[in-house]
There are 2 protein chains.
Amino acid sequence: MDRFVSHFTNRLDAKGRVSIPASFRGVLARDGFEGLYVHPSLDREALDCGGQALLQEIDALLDKQPLFSDERDLFSTALLGTSEVLKVDPEGRIVLTETLKAYAGIVDQVSFVGQGSKFQIWEPGRFQAHLSEARERVRQMKKSLGTPIPPEVGSPAQRGARE
Amino acid sequence: MDRFVSHFTNRLDAKGRVSIPASFRGVLARDGFEGLYVHPSLDREALDCGGQALLQEIDALLDKQPLFSDERDLFSTALLGTSEVLKVDPEGRIVLTETLKAYAGIVDQVSFVGQGSKFQIWEPGRFQAHLSEARERVRQMKKSLGTPIPPEVGSPAQRGARE
DNA sequence: TGGGACTTTATGGGCGTCAATGGGCAAGCG
DNA sequence: CGCTTGCCCATTGACGCCCATAAAGTCCCA
């Protein structure tokens, strides 16, 4: 598997450290990138995270703007300026900065949510709310498309993760 | 990491010294440049800083203007004429000149903001304001650029689904 | 196929190192 | 000379790295 999939909830310890889920660590290792690239999501109260792949997406966006242009300046400020490259300790843990925690409303637990080439970090409560709203909207969209949606499936059980 | 990423806020001490963030120092060292190249940003109340890489960008910009043209003259005056090369002390600190501080409204704290090949120095308050504006505008641009990607919801993979 | 042994993961805690900051001192320049 | 400026040392708190442990998962073999 080379993509971030599924979601996990882990706790921050007394030092503010939190383990990146093992399966995500595997993806990052394969992507080859020291550390974890993190920035506040533009449209959610969540953090976008990833490695090379995410950086390349951002670069692609930046490279569309001409050098020294106003747009480029704004993009690099909003994207690179607010990003952090977090170190990953030997056990696969990271420490979120105060800024990042404040942005996402994180206190002592976080949910890691796979999104293919990147993943997001959420405060678990907000993620649940976001998820049910998203599911509802998808249901509406499908309905209007005439595609019946299978009956409600509960949240999948997680290995180890209490939610 | 070979690019300026993230942002940091440091204090000026009684002598007016301020530490360049360690990670930025690393980038500068790799770029190979004695001292720090600084000039007032053309369109913000901030200072553009960097090493070789920044100088090259400026050269590239200048070279686009025909020799002896008015534009070239103006550019070189605005960019090179106002530049300073600051010394970096053994602890990785610099002292901003009065001119530079006045331009950016700096008093006793500065924010270092990574922008890839260069970084900017801001008065922290002004930076916060600029940042929220930048984020807003980027959000608008992304929106107008095309289809915003709907949040990926759907079924999270089941517990067996790793790798 | 059931159970035990090994492995992996999430989490905790100790400790040395480094970064940010403060202050002293001496050399250079007006 | 007085003040700036560059260099050295000291302090403190945060951070990275190592080792420990418990719980869960996986594997293997009788």
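To find a chain, count down the sequence lines: A is the first, B the second, and so on, and within it residues start at 1.
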Please report, to 0.1 Å, the donor-acceptor pairs under 3.5 Å made by any side chain of residues 16-23 of chain B, with sequence neighbours excluded.
from: B:Arg17; atom 1: NE; to: B:Asp13; atom 2: OD2; distance (Å): 2.7
from: B:Arg17; atom 1: NH2; to: B:Asp13; atom 2: OD2; distance (Å): 3.0

N/O donor to acceptor pairs below 3.5 angstrom from side-chain atoms of residues 31-38 of chain A, sequence neighbours left out:
from: A:Asp31; atom 1: OD1; to: A:Gln52; atom 2: N; distance (Å): 2.9
from: A:Asp31; atom 1: OD2; to: A:Gln52; atom 2: N; distance (Å): 3.3
from: A:Asp31; atom 1: OD2; to: A:Ala53; atom 2: N; distance (Å): 3.0
from: A:Tyr37; atom 1: OH; to: A:Ser83; atom 2: OG; distance (Å): 2.7

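Criterion: ILVMFWY side-chain heavy atoms under 4.5 Å apart, direct or through other members. Under it, B:Val85 and B:Leu80 are part of a common hydrophobic cluster.
Side-chain N/O atoms of B:Thr9 and B:Gln109 include no donor and acceptor closer than 3.5 Å. Side-chain N/O atoms of A:Glu57 and A:Ser117 include a donor and acceptor closer than 3.5 Å. Checked by atom type, the side-chain pair B:Gln115/A:Thr77 shows a donor-acceptor distance below 3.5 Å.
When all heavy atoms of B:Ala46 and B:Tyr103 are compared, the pair lying nearest together is O-CE2, 3.4 Å.
With hydrogens and angles disregarded, no donor-acceptor distance shorter than 3.5 Å links the side chain of B:Arg126 to the backbone of B:Glu45. Within the 3.5 Å criterion, the main-chain N or O of A:Gln65 finds a donor-acceptor partner in the side chain of A:Arg72.
At whole-Å resolution of the value, CG in B:Leu96 and P in D:dT4 are 16 Å apart. Atom CG in A:Asp108 sits about 17 Å away from atom P in C:dA10, given to the nearest Å. Between B:Arg11 atom CZ and D:dG13 atom P there is a gap of 13 Å when expressed in whole angstrom units. As a whole-Å value, the separation of A:Leu12 CG from C:dT11 P is 9 Å. Here the C1' atom of nucleotide C:dA19 and the CZ atom of B:Phe8 are 11 Å apart, to the nearest Å. The nearest whole Å value for the distance from the CG atom in A:Asp89 to the P atom in D:dA14 is 18 Å. Atom CG of B:Asp13 and atom C1' of C:dA19 are 15 Å apart (whole Å). At whole-Å resolution of the value, CG in B:Asn10 and P in D:dT12 are 20 Å apart.
Atom CZ of B:Arg139 has more than 12 neighbouring heavy atoms from other residues, nucleotides or ligands inside a 6.0 Å radius.
Near DNA chain D, meaning a heavy atom under 4.0 Å from it, residues 98-106 of chain A has no residue at all. If you check residues 22-30 of chain B against DNA chain C, the residues with a heavy atom closer than 4.0 Å are B:Ala22, B:Arg25, listed by number.
In summary, the aromatic rings of A:Phe127 and A:His7 are positioned with their centroids under 6.0 Å apart. For A:Phe112 and A:Phe4, the distance between ring centers is not under 6.0 angstrom.
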Letter per nucleotide, 5' to 3', of nucleotides 24-30 of chain C [B base touched, S only sugar-phosphate touched, - untouched; heavy atoms, 4.0 Å]
BB-----

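Of the candidates C:dT21, D:dC18, D:dC8, C:dT21 carries the atom nearest the B:Ser19 side chain, counting heavy atoms from C-beta on.
Taking the side chain as every heavy atom from C-beta outward, B:Glu123 and B:Ser111 never approach each other to under 4.5 Å. Using a 4.5 Å cut-off on side-chain heavy atoms (C-beta onward), A:Leu62 and A:Phe75 make contact.
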Nucleotides 19-21 of chain D: which of its N/O atoms have a protein N/O under 3.5 Å away?
from: D:dC19; atom 1: N4; to: A:Glu91; atom 2: OE2; distance (Å): 3.0

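Nucleic acid contact for A:Ile20: sugar-phosphate only, since backbone atoms but no base atoms lie under 4.0 Å from a heavy atom of the residue.
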